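As the structure is a computational prediction, the values presented were derived from the model and not from experiment.
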Amino acid sequence: GEDVEQSLFLSVREGDSSVINCTYTDSSSTYLYWYKQEPGAGLQLLTYIFSNMDMKQDQRLTVLLNKKDKHLSLRIADTQTGDSAIYFCAEISFYNQGGKLIFGQGTELSVKP
Amino acid sequence: EAGVAQSPRYKIIEKRQSVAFWCNPISGHATLYWYQQILGQGPKLLIQFQNNGVVDDSQLPKDRFSAERLKGVDSTLKIQPAKLEDSAVYLCASSLDVQGGKLFFGSGTQLSVL
């Protein structure tokens with residue numbers, strides 16, 4: 001079945017780069033997503049990548065996709081204290097009537113000043 | 001543009017009691033989702049609606065959970081009777097279409113079952 005795995009914690013210093021990794025199982029996923037959750041809030045879509053791409057850059061965010069290894073990563077350049085949050089990787093699983101997101105367990109990013 | 005609205009924000013009940021959560025999606029969004037997020041885990045889909053029809057409820061514990069979206073707009077999720085393991089944040093989300101992964105989430109209802 002579908003499964004998405006992430007490391008649970010990452011701690012970096014302000015100004016450093018952060019790299020959050022994710023592995024997924026559904027090779028038919030056409031898109032892969034990164035969501036951010038701040039304390040006490042719902043999830044917010046950060047970025048996504050189409051499965052025929054291997055990289056996507058969006059300002060400070062870089063998404064790398066290795067489809068052969070089913071590995072996805074999110075790099076945040078010049079990490080700020082406001083980036084402290086939980087980051088979820090998600091794959092989309094399709095069935096007859098539509099698609100649903102399968103989320104990983106989330107990586108808690110802590111940014112120290 | 002108004003976001004996804006959920007209420008209540010917090011709810012504390014005793015086991016075996018009933019509870020209901022309400023969600024109003026973004027205007028024009030045909031697809032509505034209820035997710036359960038247990039502490040330390042990622043959200044798990046409970047039920048997905050397309051307009052007022054159920055698209056997927058394969059992970060909804062139907063012996064105690066029910067959900068409806070009668071007029072294809074707002075939705076309620078009910079638990080009756082609640083168990084200790086139902087303690088979680090219940091997130092509502094909406095999207096424009098049924099196939100996409102671009103979801104807009106509400107802030108959730110934090111449920112504690114004592």
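Contact of Gln6(A) with chain B is not made at all, since no heavy-atom distance falls under 4.5 Å. Only the side chain of Tyr48(A) comes within contact range of chain B, with at least one heavy atom under 4.5 Å from a heavy atom of that chain. Interface residue Gln37(B): only side-chain heavy atoms are found under 4.5 Å from chain A.
In terms of heavy atoms, Arg9(B) sits closest to Ala41(A) at NH2-N, 4.4 Å.
Side-chain contact between Leu101(A) and Tyr35(B) is present, with heavy atoms from C-beta onward closer than 4.5 Å. Looking at Pro43(B) and Phe88(A), their side chains come closer than 4.5 Å, going by heavy atoms from C-beta outward.
Cluster annotation: Tyr90(B) and Val54(B) are assigned to the same hydrophobic cluster (Ile/Leu/Val/Met/Phe/Trp/Tyr, side-chain heavy-atom contacts under 4.5 Å, transitive). At a threshold of 4.5 Å between side-chain heavy atoms, the hydrophobic network of Ile, Leu, Val, Met, Phe, Trp and Tyr places Phe103(A) and Leu39(B) in two separate groups. Criterion: ILVMFWY side-chain heavy atoms under 4.5 Å apart, direct or through other members. Under it, Leu77(B) and Trp22(B) are not part of a common hydrophobic cluster. Cluster membership check: Val55(B) does not share its hydrophobic cluster with Leu70(B), using side-chain heavy-atom separations under 4.5 Å among Ile, Leu, Val, Met, Phe, Trp and Tyr. No continuous path of ILVMFWY side-chain contacts below 4.5 Å connects Ile79(B) to Ile12(B), so the two sit in separate hydrophobic clusters.
Atom NZ of Lys62(B) has more than 12 heavy atoms from other residues, nucleotides or ligands within 6.0 Å. Surrounding CD of Gln59(B) are more than 12 heavy atoms belonging to other residues, nucleotides or ligands, all under 6.0 Å away. Within a 6.0 Å sphere centred on NZ of Lys56(A), heavy atoms belonging to other residues, nucleotides or ligands number more than 12. Counting heavy-atom neighbours within 6.0 Å of Gln80(A) CD, excluding the residue itself, gives a total above 12. Around CD of Glu85(B), the count of heavy atoms belonging to other residues, nucleotides or ligands within 6.0 Å exceeds 12.
Between the side chain of Tyr33(A) and the main chain of Leu103(B), no donor-acceptor pair closer than 3.5 Å is present.
Within residues 106-114 of chain B, the residues approaching chain A closer than 4.5 Å by heavy atoms are, in numerical order, Gly106(B), Ser107(B).
To the nearest 0.5 Å, the span separating CZ on Phe105(B) from CG on Leu45(A) amounts to 9.5 Å. Note that NZ of Lys44(B) is 10.0 Å distant from NZ of Lys100(A), once rounded to the nearest 0.5 Å.
Heavy-atom pairs under 4.5 Å with chain B were tallied for Ala90(A), Gly40(A), Gly106(A); the largest tally goes to Gly40(A).
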